[in-house]
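To start, the structure itself, in structure tokens.
Quick note on labels: first sequence line is chain A, next is B, and so on, each numbered from 1.
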Number of protein chains: 2
Amino acid sequence: MASMKEIAQKAKVSQATVSRVLSGHPVVKPETRQNVLYWAKKLNYQPNAAARSLAGSSTNLLGIIFPEIANPFFSEILDALEEAANFEGYQILLNCTHKSIDREKNILNELKRHNVDGIITIPVSSDDSAQYYKALNLPVVVITKQMEGFNSISVSHYQGGQKIAQHLHSLGYQKVGYVGPVNQSTSSIKFQGFRDFIAEHDMELSDVIETPVPATIDSLVMYQTTKEYLNSYSLRSQALFANDDVTACDVIRALSEKGYSVPGDVAVIGFDNSLLAKKMYPSVSSLSQPLHEIGQQAVHLMLRILNGEQTEVSSYLLDTRVISRDSTVSTITA
Amino acid sequence: MASMKEIAQKAKVSQATVSRVLSGHPVVKPETRQNVLYWAKKLNYQPNAAARSLAGSSTNLLGIIFPEIANPFFSEILDALEEAANFEGYQILLNCTHKSIDREKNILNELKRHNVDGIITIPVSSDDSAQYYKALNLPVVVITKQMEGFNSISVSHYQGGQKIAQHLHSLGYQKVGYVGPVNQSTSSIKFQGFRDFIAEHDMELSDVIETPVPATIDSLVMYQTTKEYLNSYSLRSQALFANDDVTACDVIRALSEKGYSVPGDVAVIGFDNSLLAKKMYPSVSSLSQPLHEIGQQAVHLMLRILNGEQTEVSSYLLDTRVISRDSTVSTITA
DNA sequence: CAAGTAAATGAAAGCGTATTCATTGTTTCA
DNA sequence: TGAAACAATGAATACGCTTTCATTTACTTG
């Protein structure tokens, strides 16, 4: 690899001048600049990232922390994140917590030693993780959820739950149910919004199928829990709100296997509007989170922080909307 | 961040000795070692990656090059890759080509300047990409396909096509069809295996629905092409082989919308055994590629190369097997 | 035209580590 | 007991870059 030293020799200038040219420092005579650029190009010069980092400038490295990747919800965001970051000249260091806070701590150490310029993260826990991120003293952008004292890009899960209920209400469903975790942070907020809307309108929460938080995307626990519920109770709901699209798929399977037709007998609506909801047949209605935009905005927010254009901490909430598909239909007959 | 210098001061030894202890160099007196380790721990020492890199040792950085991430096929592999790499103490630098060879060239430059120890890649083109990888002079492991002159971890797509045909044959399907690209490298190999098996057994290739190669996972082009075909021709096949699981989903939708029941009227089988095939209802039969294993083995192969334990170039082909699900059923009546 | 100022560049230090080479202290063996 | 071999450590250098400070050159102005 060609170094600045070689360029300096060829161009008959000092290495300092080469550095100035290549880092866009203004005080260089145009002719000198041209000459240096000529040789840089000719030698296919690539700045050594380690040397740059060591010399104190930025690394153009962004640490990314996700719970897992195989989940389409996450991978779609990651896709957008990668695209935006690379467009802006940043490389991405990808790490998964698998929802373990110990793993998260280790990752933070790793990222620190690599001198990342900033971190974009889906933290393990909005409560417990905060202190470790604080201790880093690095720019952090939290996505898909909020964390006290940190910049974040997310959606209102409470409002999301409301919109789901509203959607079902507008289609004429009166008895509705919920499938998902009840005591987990994000899920319970969705559920709360859902319940609050129900309470304020002429609706009834007829079934609550509480599931554990699945460890991985391959987990069948939502399917199994739903199946067991259907074996034990007779379903009273006309429509079910599944906490996310993965759950929605599992619920549809459990329902179908028990002889319910979707949406004929029971409607189902998911959350996230991830790939699964789109590709399923019948396609699954869902609350759309702008996944691509979340990734993109996270990167742009990070850049603003790095450029000092944004100093105060703020949470951005992006818009959501219900995408109505095959799994929910109007029950209102003329 | 604490540096070796600080540890050296506290432990009253030279920085060189600290370096020796921390990099496991043997010639240090046990007491000295203990003392240094004590202080390293106490100061929560984290080695500076840039300095290490610059001083000539390895970076523990692995470059990863994928076409896209949002596709479940890729994201499942990525998940395994990340897990294995981190377990082995490596960080992952993630990049997407979006199937552009120019983008791929740029990525290679980026990775080079970051001094990655090696690259694990799904190259854009097995023919055109090779030269750029060669020029890097870095360890490279190709995955999910083969590239002349490079180490690779993949499956036999030809044999995969054969196995699909064999599966359909064993279930009693005689007239079968294919949906997918016809002139793209990997796809056409699958198709060839499929055709060859058909030719050698009492089967007939009744429909070929040629689709373009979709640009992204969100593309509806496979669905549209299938729909158009169904509008123009009457389907003669009893079973369709879809080039991958995403296509299989689209085919099922198109068929269902045209009034065909799956698998009642037409069976469908996919390729990859990705998340989509598992989560769909009815679930989709598919040829299972060991996605997790591909990721894991790629990392382990890379480590063997880096340790000099593997010097000659070789292609590893992992086992595949047909996963029979709801979308294919036996037509043989007793 | 001298003196002072601005523009352009070079020399050198420093970032944190690995590593070579030199040095010190300790042991071994003739 | 003296020299040689060895074990343990320190001093110093290099890696490629950014940045400060000093120097040179060119230009302005009274």
Contacts of [X] that satisfy side chain to side chain donor-acceptor pair (under 3.5 Å) - sequence neighbours left out:
| X | result |
| --- | --- |
| A:Ser125 | none |
| A:Ser274 | A:Asp245 |
| B:Thr59 | B:Asp117 |
| B:Arg113 | A:Gln46 |

Under 4.0 Å from any heavy atom of chain B: name the first and the last nucleotide of DNA chain D that qualifies, 5' to 3'.
-> D:dA8 to D:dG16
Set of residues satisfying side chain to side chain contact (heavy atoms under 4.5 Å, CB included) with respect to B:Ala215, sequence neighbours excluded | none
Stretch residues 28-40 of chain B: residues that reach within less than 4.0 Å of DNA chain D through a heavy atom =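 Nucleic-acid contacts, sorted: B:Val28, B:Lys29, B:Thr32.
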Regarding A:Lys10 and the six-membered ring of A:Tyr38, is the cationic atom NZ or CZ under 6.0 Å from the ring centre and inside 45° of its axis?
->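 Here A:Lys10 fails the 6.0 Å and 45° test against A:Tyr38.
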Side chains of residues 291-298 of chain A: which donor-acceptor pairs under 3.5 Å do they make with residues two or more places apart or in other chains?
{"unit_1": "A:Glu293", "atom_1": "OE2", "unit_2": "A:Gln297", "atom_2": "NE2", "d": "3.3"}

To the nearest 10°, let me know how far the axis at one end of the helix from C:dC1-D:dG30 to C:dA30-D:dT1 is tilted from the axis at the other, five pairs an end.
-> 50°
What residues form a salt bridge (Lys or Arg N to Asp or Glu O under 4.0 Å) with A:Asp218, not counting sequence neighbours?
->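 B:Lys278.
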Extract all donor-acceptor atom pairs below 3.5 Å that involve side chains of residues 76-83 of chain A and protein atoms in other chains or at least two apart in sequence.
{"unit_1": "A:Glu76", "atom_1": "OE2", "unit_2": "A:Leu275", "atom_2": "N", "d": "2.7"}
{"unit_1": "A:Asp79", "atom_1": "OD2", "unit_2": "B:Ile69", "atom_2": "N", "d": "2.9"}
{"unit_1": "A:Asp79", "atom_1": "OD2", "unit_2": "B:Ala70", "atom_2": "N", "d": "2.8"}
{"unit_1": "A:Glu82", "atom_1": "OE2", "unit_2": "A:Asn86", "atom_2": "ND2", "d": "2.6"}
{"unit_1": "A:Glu82", "atom_1": "OE2", "unit_2": "B:Cys96", "atom_2": "N", "d": "2.8"}

Annotated protein contacts, base or backbone, on nucleotides 13-20 of chain C with a non-hydrogen cut-off under 4.0 Å, one of B, S, - each | -BBBBBBB
